There are 2 protein chains.
Amino acid sequence: MRPKLTLKQIAKELDVSISTVSKALRDSSEIGEETREKIKAFAKFYNYKPNNIALSLKNRKTKTIGIIIPEIVHHFFTTVISGVEKVANEMGYNVIICLSDNSFDKEVINMEMLANGSTDGFIMSLAKETMQKGDYHHLIEAISQGMPLVLFDRVVDQILCDKVIIDDVLGAQKAVQHLVDIGCKRIALISTVDYVSVGKLRTQGYTLALEENDLEVDEDLILKIEEMEESEDKIERFLRDKEVDGIFAVNEHFAISAIKYLQEHGKRVPEDVSVIGFTDGELSKRFIPSLTTVSQHGTRMGEEAARILIEKLEKTPGEDEQYRTVIVETGLVKRNSTKSLK
Amino acid sequence: MRPKLTLKQIAKELDVSISTVSKALRDSSEIGEETREKIKAFAKFYNYKPNNIALSLKNRKTKTIGIIIPEIVHHFFTTVISGVEKVANEMGYNVIICLSDNSFDKEVINMEMLANGSTDGFIMSLAKETMQKGDYHHLIEAISQGMPLVLFDRVVDQILCDKVIIDDVLGAQKAVQHLVDIGCKRIALISTVDYVSVGKLRTQGYTLALEENDLEVDEDLILKIEEMEESEDKIERFLRDKEVDGIFAVNEHFAISAIKYLQEHGKRVPEDVSVIGFTDGELSKRFIPSLTTVSQHGTRMGEEAARILIEKLEKTPGEDEQYRTVIVETGLVKRNSTKSLK
DNA sequence: TTTCAACACGAAAACGATTTCGTGCCAGTA
DNA sequence: TACTGGCACGAAATCGTTTTCGTGTTGAAA
């Protein structure tokens, strides 16, 4: 086992001082050409690379950014991560990922861990539990310590920081409008509970679209689901006695559960009922019928978030504390779970 | 903006030396009770937390482990990550993730970055390009520097290190055996090219199962796919003029493409053709018909890999250089894409 | 011959923590 | 009185860098 080479060892080996080695490697004109070349040749030969930890300590920056997300086994989040990774890498940053598991405590612990010098800034999407509690002291703490924070997707108004979101209201509205356009009259909504911001906003979009088309908003046609696990049951019970010709669901899973139930009970999709989901994942693409969805462009969100964060990190601090909220446009990907426009 | 508290500041504030503060916070008996309590109270009040970077430098360990995987937008890898995360967190480790994008160069760069002090060890699955080139100098380099390495899934015999794999041969064999058991006679294989180890091994399993049942191995019934993008085309062309009653595919996507083609051409699954995939993802579960698959237990692989790595990290180095290869059992999850046993 | 700049390099501080080794003081003992 | 031994604390080294500020040598100008 050959341990890593350090400046000190090079210095001893070549019988010069540590400072000389450091300067030579950084091409300082202070060092004579001969010595400089000798040192550089030696370092190259033995593949010297400066120790990141020492550099981080010295420079007080780690060149790594921390991502904290509720879960990773979720297509949307992985696309965001790959977006972040991409621009982070291009800019010479590393990415360190922590999962909150949708637990408030884990989110706090992870954040405190990373805040103690491990990262220069954060990109986060909040845990469900955090939003429910409304306790954001850890975010405030980090910001007040001068760590830039970019929230995405699951954001919260009370926190002043940069944000990358999609226009959930508009996305939902466009989806429901499309259902109206293809002739649906009784459109159901399958959403999550309101304290998850996206649930609330997408519900707003749904309502808005109906109102704009002078359709009545019937509370009976709205289902709010709390736990992923109970979703299939709830959706079955919900659809059992309803006559609907359109369904807007706030994610792929709800949409597919609905389709399954419908098909098992003699309804055809899209002939009898048109269904639209939210978030464009593998499932939507390959399900039969393939799903019409609102696409969230996770990769773009990740790229955007990383760009904003790094920009903040590289700017001299103090000046111009402006926070931006970037809205990434949603698209409606039309596939086979909706009738085509007449 | 209030910058982070350091030992030095506490020392100045309380008019004691830095060493005293450090010792007091670590409950050293060297420090008088009164002083100790005073310091601890102060630190607690201002929420002092030691700087990770400084600790890393001092202790020469970072308490973080690096994961390098080919891609993250892939259900199997995310389950592995969440497994690693879980046990890493329990043991007080952080996880830093890098993506190689299946590129050899990116893999090398990422690895060198992380090896310069950022992590204590690696958990990796090799990039396709790396396996193709057969160039593993970066792995050897890391190992020779004393960084433990655990390979999983896409591993390679030439490298001496711990490994976590599934028994691809057996998994495939069991799958094909099941097809035989339910009465299939002409079983096709849709696989990836051989230099990806899993492609080769699963092909072996396929062959083995056929031979054991005295069925002929017909090269005409074997398709090897190089690029994900061309898979649908290739599968369609492959199936066009074939009479098969069973298909074993080495991943979900190939399986589903096959089913799609069959259904569009008047065959029923599973009545006319039974299909089995490999890797149990969201898609398999929710596709209609839901897919019978060989489940890889990614979470368990991640947990296992993390456990092995951390064990290595916490053992005093030098002694007992034994490398293990853990084989995680596969399971056959029977769903609706295969006929049931008579 | 003296003086001074330029050159080439080294010493030391700093980043934030831990730890070893002193050291000053006081009480107790011979 | 002189010595010993705790006690409570501080100084300094250390981890691996970078960077500021010397400092000794040389050659040229005065």
Side-chain angles (χ1 to χ4, degrees), chain A residues 2-40 42-43 46-64 113-120 145-146, chain B residues 2-40 42-43 46-64 113-120 145-146:
Chain A
R2 163 179 48 85
K4 279 236 106 182
L5 199 56
T6 69
L7 285 189
K8 195 196 269 194
Q9 292 167 45
I10 301 184
K12 183 152 59 154
E13 213 65 43
L14 295 178
D15 208 38
V16 291
S17 79
I18 298 180
S19 1
T20 304
V21 179
S22 173
K23 287 172 192 163
L25 293 178
R26 321 194 89 237
D27 266 330
S28 157
S29 62
E30 267 188 75
I31 306 301
E33 175 132 16
E34 198 186 348
T35 323
R36 206 187 326 153
E37 288 312 321
K38 182 179 66 179
I39 292 175
K40 288 175 76 170
F42 186 92
Y46 287 106
N47 193 29
Y48 168 80
K49 292 272 163 51
N51 180 305
N52 283 332
I53 298 290
L55 284 180
S56 297
L57 185 59
K58 183 101 237 296
N59 303 331
R60 289 129 133 269
K61 3 183 118 159
T62 61
K63 283 275 192 175
T64 90
M113 255 196 111
L114 297 189
N116 289 323
S118 301
T119 58
D120 295 339
Q145 276 173 17
Chain B
R2 164 179 48 83
K4 278 238 105 182
L5 199 56
T6 69
L7 284 189
K8 195 197 270 196
Q9 292 168 46
I10 300 184
K12 183 153 56 153
E13 211 64 44
L14 264 39
D15 209 36
V16 290
S17 79
I18 296 180
S19 1
T20 305
V21 178
S22 173
K23 289 172 191 163
L25 292 179
R26 320 196 91 236
D27 266 330
S28 157
S29 61
E30 266 188 75
I31 306 301
E33 175 132 17
E34 199 185 348
T35 323
R36 208 191 318 158
E37 288 311 320
K38 184 179 65 179
I39 292 174
K40 289 175 75 170
F42 186 93
Y46 287 105
N47 192 29
Y48 168 78
K49 293 271 166 49
N51 179 307
N52 284 332
I53 298 290
L55 285 181
S56 297
L57 185 58
K58 182 101 234 295
N59 302 331
R60 292 130 135 277
K61 17 181 104 161
T62 60
K63 283 271 191 179
T64 90
M113 257 198 110
L114 296 188
N116 290 324
S118 301
T119 58
D120 296 339
Q145 276 171 18

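To find a chain, count down the sequence lines: A is the first, B the second, and so on, and within it residues start at 1. This is a predicted model, so every value here is computed, not measured.
Look at NZ on B:Lys23: it is 12 Å from P on C:dT18, rounded to the nearest Å.
Where A:Glu30 and A:Gln9 each meet DNA chain D at their nearest nucleotide, the meeting point lying more 5' is that of A:Gln9. When each of A:Thr20 and B:Thr20 is assigned the nucleotide of DNA chain D bearing its nearest heavy atom, the one mapping closer to the 5' terminus is B:Thr20.
Between the side chain of B:Asn51 and the main chain of B:Ile53, a donor-acceptor pair closer than 3.5 Å is present. At distances below 3.5 Å, not a single donor-acceptor pair connects side-chain atoms of A:Ser22 with backbone N or O atoms of A:Ile18. Of the possible polar contacts, one joining the A:Asn52 side chain to the B:Met113 backbone as a donor-acceptor pair under 3.5 Å is found.
B:Leu7 comes within contact range of at least one nucleobase, with a heavy-atom separation under 4.0 Å. Within 4.0 Å (heavy atoms only), B:Thr6 reaches sugar-phosphate atoms of the nucleic acid but no base atom.
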Check your understanding: How far apart are the C-alpha atoms of B:Lys40 and B:Asp27, what are their side-chain angles, what is the distance that settles it, and do they pass the side chain to side chain contact (heavy atoms under 4.5 Å, CB included) test?
Key -> CA-CA 9 Å; B:Lys40 289 175 75 170; B:Asp27 266 330; 2.9 Å; yes
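A sub-4.0 Å separation between OP1 or OP2 of D:dT18 and a side-chain N or O of A:Ser22 is present. Between D:dG16 and A:Tyr48, no contact under 4.0 Å exists linking OP1 or OP2 to a side-chain N or O. In this structure, B:Thr35 reaches the D:dC9 phosphate: one of its side-chain N or O atoms is under 4.0 Å from OP1 or OP2. In terms of phosphate contacts, A:Arg26 brings a side-chain nitrogen or oxygen within less than 4.0 Å of OP1 or OP2 of D:dT19. Put simply, A:Arg60 has no side-chain N or O that comes within less than 4.0 Å of OP1 or OP2 on C:dA14.
More than 12 heavy atoms of other residues, nucleotides or ligands lie within 6.0 Å of NZ in B:Lys4, so this atom counts as buried by the packing criterion.
Donor-acceptor pairing under 3.5 Å, judged by distance alone, is absent between the side chain of A:Lys4 and the base of D:dG16. Evaluation of atom-type donor-acceptor distances gives a pair under 3.5 Å for the side chain of A:Lys58 against the base of D:dT18. With hydrogens and angles ignored, no donor-acceptor pair closer than 3.5 Å exists between the side chain of A:Lys8 and the base of D:dT17.
Comparing atom distances between the B:Val16 side chain and each of D:dT20, C:dT18, D:dG10 picks out D:dG10 as nearest. For B:Ser19, the listed nucleotide lying nearest its side chain is D:dA11; candidates were D:dA11, C:dG10, C:dC15.
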